[in-house]
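Since the structure comes first, as structure tokens, the remarks are kept for the end.
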Number of protein chains: 2
Amino acid sequence: MESLSNDRLLEELQSAEDQITDRIADNMETFGVSSTVGRLLGIIYMNREAMTLDSLAEETGMSKTRMSQVMRQMLALNIAEKEFVKGSRKEHYNVESDYAQTFISLFTTNWKDVVSRNMTLERRLRERVDQMSHSVTDATPTEIVERIETLSNELDAWQAYYNWIDRLVDFFESGKIFDHVPIHGNQKEDNHHEK
Amino acid sequence: MESLSNDRLLEELQSAEDQITDRIADNMETFGVSSTVGRLLGIIYMNREAMTLDSLAEETGMSKTRMSQVMRQMLALNIAEKEFVKGSRKEHYNVESDYAQTFISLFTTNWKDVVSRNMTLERRLRERVDQMSHSVTDATPTEIVERIETLSNELDAWQAYYNWIDRLVDFFESGKIFDHVPIHGNQKEDNHHEK
DNA sequence: AACTTTGTAAAGTTTAAATTGCACAGATTA
DNA sequence: TAATCTGTGCAATTTAAACTTTACAAAGTT
């Protein structure tokens, strides 16, 4: 194996760190968010210190406005927070340094949102189905009666599903998931590197 | 409460069913896929019978080409399958009718992908870090040595994380999740409708 | 009070994703 | 063999998302 000069080492380090950031950005799309969210997450994470909009803009080569937009989104997603730095009047942003916690934040924030929107719709539809049911008379065609029945059953399934998601979110948020899928579990695959 | 005519009932039914489909489409974005994927999922699901590209195109008002593209994507995501229908030479597509199963399919398919991509990168980076480590001599600046050390630790964290996700996927795929978060669990919230 | 600094709103531009139209291959029927 | 049907590759177009520029309000400084 060839030995590397110091300059080459620095290049290699930078390149490796960038690749990690890139991959974090990529993976973020699995959560349905823009890759820039992931890129900022990666940059701040690898920086290991809170960063300002200006430093982020410099690092990414993007406009400060965009940084502001993305950071706001990240605050809403609960994967970043403002951090007070005395002596500076710029806002500093930091991210959770634990990968799994970030996963959980994203997962729970996203799905809580979904659950809430769906519960609302479910309630409204339930009312309308009830009204339909009350409008059924002996003269109502069987086909219609059946469709109302089907729709009502659908709402039951719907509700059961979102209730399940709700409990699932809880399972993650409370940390119970770690009781059954611990962070340092048995490796599923062989792993060739020495510790 | 006002009673509804049959025509009005049919309108109401259609409107309610459409809203359900729309919401399914919306929610699908949480998985990071196009809402058209969700729309087709909803349409086929509500149809309760396998559908052809032509019927989907008619239902959505979109081109058959697009239907073909989306169905292919859905097959890849494991949330739809071809179903043979004798007498017809068109291909018929059906979807899983169980919401939770669909959730699990999407979740596991997406994350398996991510895990695999990351494990690959991790292996490659590990090799490079090893080479860097071997290039360190007494003359190497402390700063560089430390960065290499940090990077190596980072890869450990990285690996632990993706290994966790891997086991998490397993936890869902094997159905163990249902032992701890059952489909019909205790309702977390009050629920005003009579069964 | 005039001058900076900082963050973001609003509108405009660019880039990427979704969608279409056309064309054609393979399979089927006449 | 010609004629039809079905699904899809490919290039072109449309639409939506990402991103920038400009402008300005709020708070801080001189």
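Order of the sequence lines sets the chain letters (A, B, ...), proteins ahead of strands, with each chain counted from 1. Since the model is a prediction, treat every value here as computed from it, not as a measurement.
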So, are B:D170 and B:K112 salt-bridged, with charged N and O less than 4.0 Å apart? no
Only counting residues at least two apart or in another chain, list the ones meeting side-chain hydrogen bond (donor to acceptor under 3.5 Å, both in side chains) with A:E83.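 Applying side-chain hydrogen bond (donor to acceptor under 3.5 Å, both in side chains) to A:E83 gives A:N94.
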Footprint ends on DNA chain C, 5' to 3', for atoms under 4.0 angstrom from a heavy atom of chain B, come out as C:dA18 to C:dT28
With 3.5 Å as the limit, what N/O pairs link the protein to nucleotides 27-30 of chain D?
unit_1 : atom_1 : unit_2 : atom_2 : d
D:dG28 : O4'    : A:R89  : NH1    : 3.3

Partners meeting side-chain contact (heavy atoms from CB on, under 4.5 Å) with [X] (sequence neighbours left out):
| X | result |
| --- | --- |
| A:S116 | none |
| A:S5 | A:D7, A:R8 |
| A:V95 | A:L41, A:I44, A:Y45, A:M74, A:A80 |
| B:P182 | A:R167 |

Tell me, please, which residues at least two apart from A:F103 pass ring-ring contact (aromatic ring centres under 6.0 Å, His included).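 Per chain and number, A:F103 pairs via ring-ring contact (aromatic ring centres under 6.0 Å, His included) with A:F31, B:W111, B:W164.
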Length of the line joining [X]:[atom1] and [N]:[atom2], which is rounded to integer Å:
| X | N | atom1 | atom2 | value |
| --- | --- | --- | --- | --- |
| B:D54 | D:dT8 | CG | P | 12 Å |
| B:R72 | D:dG7 | CZ | P | 13 Å |
| B:Y93 | D:dT6 | OH | P | 13 Å |

Under the side-chain hydrogen bond (donor to acceptor under 3.5 Å, both in side chains) rule, what pairs show up with a residue in residues 59-68 of chain B, not counting sequence neighbours?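 Sorted result for residues 59-68 of chain B: B:R66-B:Q69.
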In B/S/- notation (B base, S sugar-phosphate only, - none; protein heavy atoms under 4.0 Å), nucleotides 13-24 of chain D written 5' to 3' is -----SSBBB--
Salt bridge (charged side-chain N to carboxylate O under 4.0 Å, His left out): which pairs involve residues 19-28 of chain B, sequence neighbours left out?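 Residue pairs with at least one partner in residues 19-28 of chain B: B:D22-B:R39.
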Would you list the atom pairs, donor with acceptor, under 3.5 Å between side chains in residues 47-56 of chain A and any protein atom, with sequence neighbours excluded?
unit_1 : atom_1 : unit_2 : atom_2 : d
A:R48  : NH2    : B:E154 : OE1    : 3.0
A:T52  : OG1    : A:D54  : N      : 3.4
A:T52  : OG1    : A:S55  : N      : 3.1
A:T52  : OG1    : A:S55  : OG     : 3.1
A:D54  : OD2    : A:K90  : NZ     : 2.8
A:S55  : OG     : A:T52  : N      : 3.0
A:S55  : OG     : A:T52  : O      : 2.9

